[in-house]
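Everything on this sheet refers to the single structure shown next.
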There are 2 protein chains.
Amino acid sequence: MSKRTEKTIVDIAEELKLSVSTVSRALNNHPNISTRTKEKVKKMANKLGYRPNAMAAGLRNNKSRTIGLVVPRISMFFPATISTVIQNKLHEHGYHVLICQSNDSLEQEIALAETLYSTRIDALAVSSTLYTTDFSHFDIFKDNNIPLVFFDRVPKDYKVKVVKGDDYLGGYTVTEHLIEKGCKDIVHISGPLTCNLYTERVAGYKNALRKHKIPFKKSRIFYQELTKENALQACEKIFARPPYPDGVFAANDTTAITILEYCRKKNLRVPEDIKIVGYSNDPRAEIITPSITSVDQFPAIMGERVAKALLELLQQPGAPQRYSEDLVPIQLIERASSAAPVSASKTTVKKKAK
Amino acid sequence: MSKRTEKTIVDIAEELKLSVSTVSRALNNHPNISTRTKEKVKKMANKLGYRPNAMAAGLRNNKSRTIGLVVPRISMFFPATISTVIQNKLHEHGYHVLICQSNDSLEQEIALAETLYSTRIDALAVSSTLYTTDFSHFDIFKDNNIPLVFFDRVPKDYKVKVVKGDDYLGGYTVTEHLIEKGCKDIVHISGPLTCNLYTERVAGYKNALRKHKIPFKKSRIFYQELTKENALQACEKIFARPPYPDGVFAANDTTAITILEYCRKKNLRVPEDIKIVGYSNDPRAEIITPSITSVDQFPAIMGERVAKALLELLQQPGAPQRYSEDLVPIQLIERASSAAPVSASKTTVKKKAK
DNA sequence: TATATTTCCGCAATCGTTTGCACTCATGCA
DNA sequence: TGCATGAGTGCAAACGATTGCGGAAATATA
């Protein structure tokens with residue numbers, strides 16, 4: 001019974017004694033249809049409560065007006081913000097967005113690629129798993145010339161459009177910032193090197209050290225998934241015995257926050273005894289006391305650019321997809337956790353924290 | 001040319017000298033097909049790189065295996081967490097999720113309902129706009145017996161499944177908590193009353209006051225969209241002149257945080273001079289100093305229940321949809337911002353804040 | 001051997017739209 | 001009056017899968 005209430009263009013055609021083609025064309029504002037007919041058709045469509053069936057149209061046109069979005073998870077600040085922007089932007093252009101989470105599981109990511117292909121999405125944007133080094137499960141899209149763009153966690157040597165933050169510069173900037181604030185022994189908590197963006201931050205970290213003639217020590221760098229638990233474990237090692245580092249560059253803010261709290265508990269003063277810098281400028285970084293210096297990656301801008309890239313590719317079907325890199329700028333947001341050592345520190349910090 | 005690489009079941013059938021029906025059935029594990037044939041078909045499907053076309057199947061079956069999700073925005077902690085859970089859970093059952101944002105605009109919500117219907121989603125979950133009081137734009141779904149469940153921001157008197165937090169209890173609990181901690185003049189910053197959940201929290205607030213014989217004052221309650229800007233404006237009014245309140249019940253944590261920071265700037269001590277409680281248990285509430293007492297609404301549980309409700313409805317097609325309310329419990333998370341006034345307050349607070 | 005039963009498979013219609021092509025009218029012009 | 005023109009419309013074939021029904025082959029039963 002719910003079946004029979006679904007009106008189709010056939011119903012409209014019968015009601016109006018017109019052919020379905022005319023109705024279809026009228027609804028799509030085809031130029032060959034007279035204004036009078038168009039009006040009649042649209043009025044009747046309204047009257048009957050007609051709703052187009054996107055699947056039927058999609059089948060015929062071989063396009064779904066839906067684009068896929070694969071992110072590790074949408075509950076994290078950074079991907080969530082990007083997803084928001086992408087979704088809103090594409091919606092403005094009449095596209096739906098299927099947001100999917102890989103939960104940082106390569107297996108899930110592969111399955112997702114497969115099923116998203118089945119829905120015949122018109123384009124795909126993905127920020128990959130931490131552990132994706134082989135991207136061949138996305139080949140189907142490339143081979144069939146379906147627009148594909150990667151962002152944030154992007155592949156190397158894979159012929160696609162890429163939108164990413166300037167991670168090398170980020171790593172360099174943070175490290176140099178800590179050095180300029182007086183740090184001489186800087187720990188870096190990095191994500192796993194399977195993810196290129198961490199490789200680049202590490203490169204930035206190392207180069208900044210080198211430039212300032214600070215020796216790089218293997219024992220001062222950690223590669224791990226950037227969870228709270230892992231951060232705590234790293235802390236246990238770092239602070240097992242002196243000498244303690246005087247600076248920490250954490251590759252995300254969750255890690256930075258965890259370390260800050262750990263230091264607090266250990267009665268290490270931040271920033272007097274040890275300075276901490278995070279990454280991504282999570283809202284929590286600004287709020288905690290002392291507030292944490294972090295790197296803004298401008299997720300909104302990144303989202304805009306991803307959406308723009310997708311739309312451009314959608315407008316030139318058949319255009320060969322090749323590697324091209326769109327670098328989104330970063331900006332160091334200086335806060336209390338890495339402030340210079342002043343005597344009247346306590347109040348100064350408070351003020352800056354504001 | 002990308003067209004011609006798209007293999008269909010027809011290709012498989014030709015290759016194997018079988019009929020398309022057999023191929024279709026084989027791929028769908030129909031019992032009437034011999035195991036041998038099924039294996040042959042699947043092998044060939046693999047060999048040809050066949051990928052099912054979900055749109056074609058959907059058109060024929062009149063189902064898309066896609067469910068719609070409409071939330072105000074996915075970048076906010078609470079809806080983001082719920083969306084994550086719903087998406088993951090439904091994906092386990094082979095459903096895609098179209099996540100859409102209304103951006104708290106009724107107009108966008110209405111448009112969304114329309115276009116989501118066009119894609120023939122199999123079910124719809126929505127957390128409505130702050131300003132949605134008329135829900136008739138969702139009638140199409142009800143009329144066509146498409147599973148519809150609301151969560152968090154839910155309608156009243158609209159015959160659908162509803163999953164919501166216990167907002168009355170939340171409002172009551174927070175207020176009573178503040179009273180028990182010694183507050184006698186409690187401000188409540190509420191969301192707009194067009195949204196039922198705020199109405200209920202207000203009711204809880206009022207009833208707690210009444211029970212404890214504290215007079216309710218109209219001047220002590222604010223109805224506004226719960227943004228940072230609005231919170232600041234409210235502060236300006238509240239602290240324009242004494243007497244200052246000794247307790248604030250903010251209906252979200254963004255507001256609570258803003259007020260806390262405002263008080264800090266005004267040199268009002270929290271919790272000694274004024275106690276603050278937020279709502280939703282945003283991650284920031286735990287991290288700020290002093291940490292903010294808040295109400296956990298268990299978004300993960302809510303997400304689970306929404307997903308469960310959707311799946312149940314999907315499994316009994318044609319079942320009449322009627323109002324039914326699933327109340328997710330809430331829990332007050334006591335933190336430093338509302339701690340009892342102790343003499344050695346400073347250290348106590350720190351400890352609790354941990 | 002003849003008949004009844006399974007088992008397995010094919011035919012063809014169907015889902016709702018879109019679109020190339022052909023066709024019918026008016027109308028304009030010579 | 002005859003003919004080209006062009007605007008407006010209709011026919012029918014797709015798009016790729018599913019499925020009720022009927023039938024052939026293989027097997028069991030008498």
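Sequence lines set the chain letters: A, B, ... in the order given, protein chains first and strands last, and positions in each chain run from 1.
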For residues 304-312 of chain B, dump all side-chain donor-acceptor pairs below 3.5 Å to protein atoms at least two apart in sequence or in another chain.
residue  : atom : partner  : partner atom : Å
B:Glu304 : OE1  : B:Lys89  : NZ           : 3.3
B:Arg305 : NH1  : B:Asp326 : OD1          : 2.6
B:Arg305 : NH1  : B:Leu327 : O            : 3.2

Practice item. Using heavy atoms and a sub-4.0 Å distance, could you list which residues of residues 36-47 of chain B are near DNA chain D? By number, please. Key: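 When residues 36-47 of chain B is checked for heavy atoms under 4.0 Å from DNA chain D, there are no hits whatsoever.
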Study note, to complete from the structure: B/S/- along nucleotides 17-24 of chain D (protein heavy atoms under 4.0 Å) is SBBB----
Exercise for review: Give A:Lys17 one of three labels, base, sugar-phosphate or nothing, depending on what nucleic acid heavy atoms sit under 4.0 Å from its own.
Suggested key: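 Counting heavy atoms under 4.0 Å across all strands, the contact made by A:Lys17 is with sugar-phosphate only.
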Exercise for review: Considering just the side-chain nitrogens and oxygens of A:Ser34, establish if one lies under 4.0 Å of OP1 or OP2 belonging to D:dA7.
Suggested key: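 It does not, given that no N or O in the side chain of A:Ser34 lies less than 4.0 Å from OP1 or OP2 of D:dA7.
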**Study point:** Contacts of type side-chain contact (heavy atoms from CB on, under 4.5 Å), residue A:Ser324, not counting sequence neighbours
**Key:**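 For A:Ser324, the residues satisfying side-chain contact (heavy atoms from CB on, under 4.5 Å) (neighbours in sequence not counted) are A:Lys161.
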**Study point:** Partners passing ring pair (Phe, Tyr, Trp, His ring centres under 6.0 Å) against A:Phe135 (at least two apart in sequence or in another chain)
**Key:**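 Ring pair (Phe, Tyr, Trp, His ring centres under 6.0 Å) list for A:Phe135, sorted by chain: A:Phe150, A:Tyr158.
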Point to revise | Closest contact, heavy atoms only, B:Gly303 versus B:Ile82 | key: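 Heavy atoms of B:Gly303 and B:Ile82 come nearest at CA-CG2, 3.9 Å.
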Review point. Who are the salt bridge (charged side-chain N to carboxylate O under 4.0 Å, His left out) partners of A:Asp104, not counting sequence neighbours?
Key: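 So A:Asp104 forms a salt bridge (charged side-chain N to carboxylate O under 4.0 Å, His left out) with A:Arg73, A:Arg153.
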Exercise for review: Could I get the full list of salt bridge (charged side-chain N to carboxylate O under 4.0 Å, His left out) partners for B:Arg120, not counting sequence neighbours?
Suggested key: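 Salt bridge (charged side-chain N to carboxylate O under 4.0 Å, His left out) check on B:Arg120 returns A:Glu6.
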In whole Å, what is the span from the [atom1] atom of [X] to the [atom2] atom of [N]?
X: A:Leu16; N: D:dT9; atom1: CG; atom2: C1'; value: 13 Å
X: B:Asn62; N: C:dC15; atom1: CG; atom2: P; value: 10 Å
X: A:Leu18; N: D:dC11; atom1: CG; atom2: C1'; value: 14 Å

Practice item. Could you name each residue pair satisfying salt bridge (Lys or Arg N to Asp or Glu O under 4.0 Å) that touches residues 29-42 of chain B, not counting sequence neighbours? Key: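 Qualifying pairs: none.
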Show which side-chain atoms of residues 47-56 of chain B pair as donor or acceptor with protein atoms under 3.5 Å away, not counting sequence neighbours.
residue : atom : partner  : partner atom : Å
B:Arg51 : NH1  : A:Glu114 : OE1          : 3.0
B:Arg51 : NH1  : A:Glu114 : OE2          : 2.3
B:Asn53 : OD1  : B:Met55  : N            : 2.8
B:Asn53 : OD1  : B:Ala56  : N            : 3.1

Exercise for review: Please figure out whether B:Thr35 or A:Met55 has its closest DNA chain C nucleotide nearer the 5' end.
Suggested key: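 Residue closer to the 5' terminus by nearest nucleotide: B:Thr35.
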